[in-house]
Each structure stands twice: as structure tokens, then as C-alpha cells.
Amino acid sequence: MSISGIILAAVIVGGTGLVISVLLGIASEAFKVPVDEKEVAVRACLPGNNCGGCGYAGCDSLAKAIAQGEAPVNACPVGGPAAAEQIGAIMGVETGDMEKQVAFVKCAGTCEKAKTQYKYTGIEDCVAALSVPGGGPKACEYGCIGFGSCMKVCDFGAIHIVNGIAQVDKEKCVSCGKCVATCPKGLIELVPYAAPHKVSCNSKAFGKAVKEVCSAGCIGCKMCMKVCEFDAIKVENNVAKIDYSKCTGCGKCAEKCPAKIIL
């Protein structure tokens, strides 16, 4: 090939590349999607776990909702107060008081305390076990099955099965709520990190029926309710429940509980 042919080929290739780059530049401007700078800034403050604990599909969706004023600046449970403060500054709003929440398993029916009604040999998954008679091998139909469905969905290693029941490491819990949604018996709830007392039972059975299947169950005697001076604890459906907005942590309910299930 002659020198002139090589030069001509180079000019054609270079010219083609130049034309394509110009066209791409024009196209990028013509079809450019507007970017909300607030949305980008908010997204940078979010942790990126995409856990769904905020109720949105992921951090991108939450950032968009916050930027558009459709979600509060403290909507991310994983980011907590620190992220809320940064996002509040971006959005120009007050974050308000945000108390850290952690998951709590309302069951104390360990292997020694809860009776079993049969030997289970199926899939060790709480959701799957719920379909067998009695909702699992434990005699208490309201208690923790202990097969760890909650543990499997926790992305932060905050839940472990210890002695037959799920237990939460509140130092690792980010209150994303996945375990709450997963537990087929509704045993897990989010409570204040600093909650001084918690009722470790969710049985709706009457006192005698509770004791027949578990030695660590609430018998619904209402002794805790009677000694509380702040109307912070009530017995509903045969089980005690604490109103943390009223609880002062005096400890009288725990002292009076005959079953010793108020931790």
C-alpha cells in the first residue's frame, strides 16, 4: 500500500471518529436526563445497604422520595441520626428527635423451658414449619420455632439462634425490620434501644394453658399493670404490653411479675 493510501485511510478513520463523537455529544445533550442535585447529595448520605427497611425499594428510591418531599429526612433506619442530620441540612429541615430502635424477640421459651410435642424432621425453616400441625414442634403455638428464618434474612449478623430461640444483638441491629416482616408468628418487634424493660412472651393463651407448655410464659395475671404508677403496661389478649412512651424504668413491673418474664 502506498503512503498516500495510508494517509487517506487515516484521514477517513479520524474523520469518521470525529463525526461520531460530535453526534454522540449532540445526542447526549438532546436526550440528557435532568439530575436533581439534592437527590444526588441525599443518596451520598445513605449507607447503600438497600435493605428496604425504610419501606422503599432501595437507597436510590429513598433518596428520590426524600428529595421530592415524599419521605422524611430520617426515614433511613440504618443511617440513623447521623445520616438524618446530614440529609436534614441538605433539605433545609429539622430532623427532630430520632430514638434508635432495635429488634426484640418476644419469647423466652428456651429448650429447657418450652415443651415439645413431637420430633420434627422437616425443613428447618420457620415459615415452612408453620404449615405442620401445631405450627412447629414446640408445644406453645405462640413461641419462637427456633429454625432461624429471621437470622437468614438479617444482613448485619444481628440475630442468632441460642438454645432454641432467636436472640438479637442490639449493638449490631440497625432496625431495618426484615426480621419483623419475616417471623411467621409475629414475635419480633422494634423497641427503643434504651428500653429498660421488655416482656419476653407473646402467648395469647390463659394462665394455666401457658404453664402447661412453657415455664417462661406470661400468665396474664395483671400484677404488673396494678403496680405501675404511670399506666405504662397493660394486659391485652392475656399478655402484658409496655407503652414505652410512658415507661420510666422504675422496675416495679419486673419485680412483681410472678413468671419473671419482664426482662
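Atoms considered below: every heavy atom in the structure, side chains included; atoms not considered: hydrogens, waters and symmetry mates. Nothing here was measured: the structure is a model prediction, and the numbers come from that model.
- With a 4.5 Å cut-off between side-chain heavy atoms of Ile, Leu, Val, Met, Phe, Trp and Tyr, the cluster of Val235 takes in none.
- We find the CD1-SG distance between Ile161 and Cys150 to be 5.0 Å, quoted to the nearest 0.5 Å.
- Looking only at side-chain heavy atoms (C-beta outward), Leu62 and Cys54 come within less than 4.5 Å of each other.
- The shortest side-chain heavy-atom distance between Lys260 and Ile262 does not fall under the 4.5 Å cut-off.
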Exercise. Step by step, work out the side-chain contact (heavy atoms from CB on, under 4.5 Å) result for Asp125 and Ser149.
Key: CA-CA 6 Å; Asp125 180 82; Ser149 290; 3.0 Å; yes
Quiz item: Yes or no on side-chain contact (heavy atoms from CB on, under 4.5 Å) for Val132 and Tyr120, after CA distance, side-chain angles and deciding distance?
Solution: CA-CA 9 Å; Val132 303; Tyr120 180 83; 4.0 Å; yes
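- Distance check: Glu112 CD to Cys214 SG gives 11.0 Å after rounding to the nearest 0.5 Å.
- In this structure, the side chains of Val78 and Phe156 come closer than 4.5 Å at one or more pairs of heavy atoms.
- What you find for Ala129 and Ile145 is that their closest heavy atoms are CB-CG2, 4.2 Å.
- Remark: the backbone N or O of Ser215 is paired with a side-chain donor or acceptor of Lys211 at under 3.5 angstrom.
- Between Ser200 and Lys106 there is no side-chain heavy-atom pair separated by less than 4.5 Å.
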Exercise. Start with the C-alpha gap between Lys234 and Asp243, add the side-chain angles, then the distance that decides, and say whether salt bridge (Lys or Arg N to Asp or Glu O under 4.0 Å) holds.
Key: CA-CA 8 Å; Lys234 294 184 181 297; Asp243 182 343; over 6 Å; no
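- Remark: Ala63 engages Glu39, Val42, Arg43, Leu46 in a side chain to side chain contact (heavy atoms under 4.5 Å, CB included) (not counting sequence neighbours).
- Linking Ile, Leu, Val, Met, Phe, Trp and Tyr residues whenever their side-chain heavy atoms come within less than 4.5 Å places Met91 and Tyr56 in a single cluster.
- Criterion: ILVMFWY side-chain heavy atoms under 4.5 Å apart, direct or through other members. Under it, Met151 and Val162 are not part of a common hydrophobic cluster.
- Hydrophobic cluster membership is shared by Ile90 and Val93, with clusters built from Ile, Leu, Val, Met, Phe, Trp and Tyr side chains linked at under 4.5 angstrom.
- Judged by distance alone, with hydrogens and angles left aside, the side-chain atoms of Lys256 form no donor-acceptor pair with the main-chain N or O of Met225 at under 3.5 Å.
- Looking only at side-chain heavy atoms (C-beta outward), Cys179 and Cys154 stay at 4.5 Å or farther from each other.
- With hydrophobic clusters built from ILVMFWY side chains whose heavy atoms lie under 4.5 angstrom apart, Tyr244 shares a cluster with Ile233.
- Going from atom CD1 of Ile165 over to atom SG of Cys144 covers 6.5 Å, rounded to the nearest 0.5 Å.
- In this structure, NZ on Lys113 lies 10.5 Å from CD1 on Ile261, to the nearest 0.5 angstrom.
- In this structure, the side chain of Asn50 does not engage the main chain of Gly58 through any donor-acceptor pair within 3.5 Å.
- In this structure, Phe104 CZ and Leu187 CG are separated by 10.0 Å, a value rounded to the nearest 0.5 Å.
- In this structure, Cys218 and Ser203 have side chains that are not in contact, with every pair of non-hydrogen atoms separated by 4.5 Å or more.
- Between the side chain of Lys204 and the backbone N or O of Asn202 there is at least one donor-acceptor pair closer than 3.5 Å.
- Taken together through direct or relayed side-chain contacts under 4.5 Å among Ile, Leu, Val, Met, Phe, Trp and Tyr, Val213 and Tyr142 form parts of separate hydrophobic clusters.
- Under a 3.5 Å cut-off, the side chain of Tyr118 and the backbone N or O of Lys138 do not form any donor-acceptor pair.
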For residues 188-199, tabulate all N or O donor-acceptor pairs below 3.5 Å that involve a side-chain atom, not counting sequence neighbours.
residue : atom : partner : partner atom : Å
Tyr193  : OH   : Glu171  : OE1          : 3.2
Tyr193  : OH   : Glu171  : OE2          : 2.6

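- Of the inter-residue distances, the one linking Cys257 atom SG with Met223 atom CE reads 10.0 Å to the nearest 0.5 angstrom.
- The 12-atom threshold is not exceeded at CD1 of Ile123, counting heavy atoms of other residues, nucleotides or ligands nearer than 6.0 Å.
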Quiz item: Can you check side-chain contact (heavy atoms from CB on, under 4.5 Å) on Ile87 and Glu85, steps first, answer last?
Solution: CA-CA 6 Å; Ile87 296 171; Glu85 185 176 351; over 6 Å; no
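- Residues Gln167 and Val105 have side chains not in contact (no heavy-atom distance under 4.5 Å, counting atoms from C-beta outward).
- At most 12 non-hydrogen atoms from other residues, nucleotides or ligands lie less than 6.0 angstrom from NZ of Lys222.
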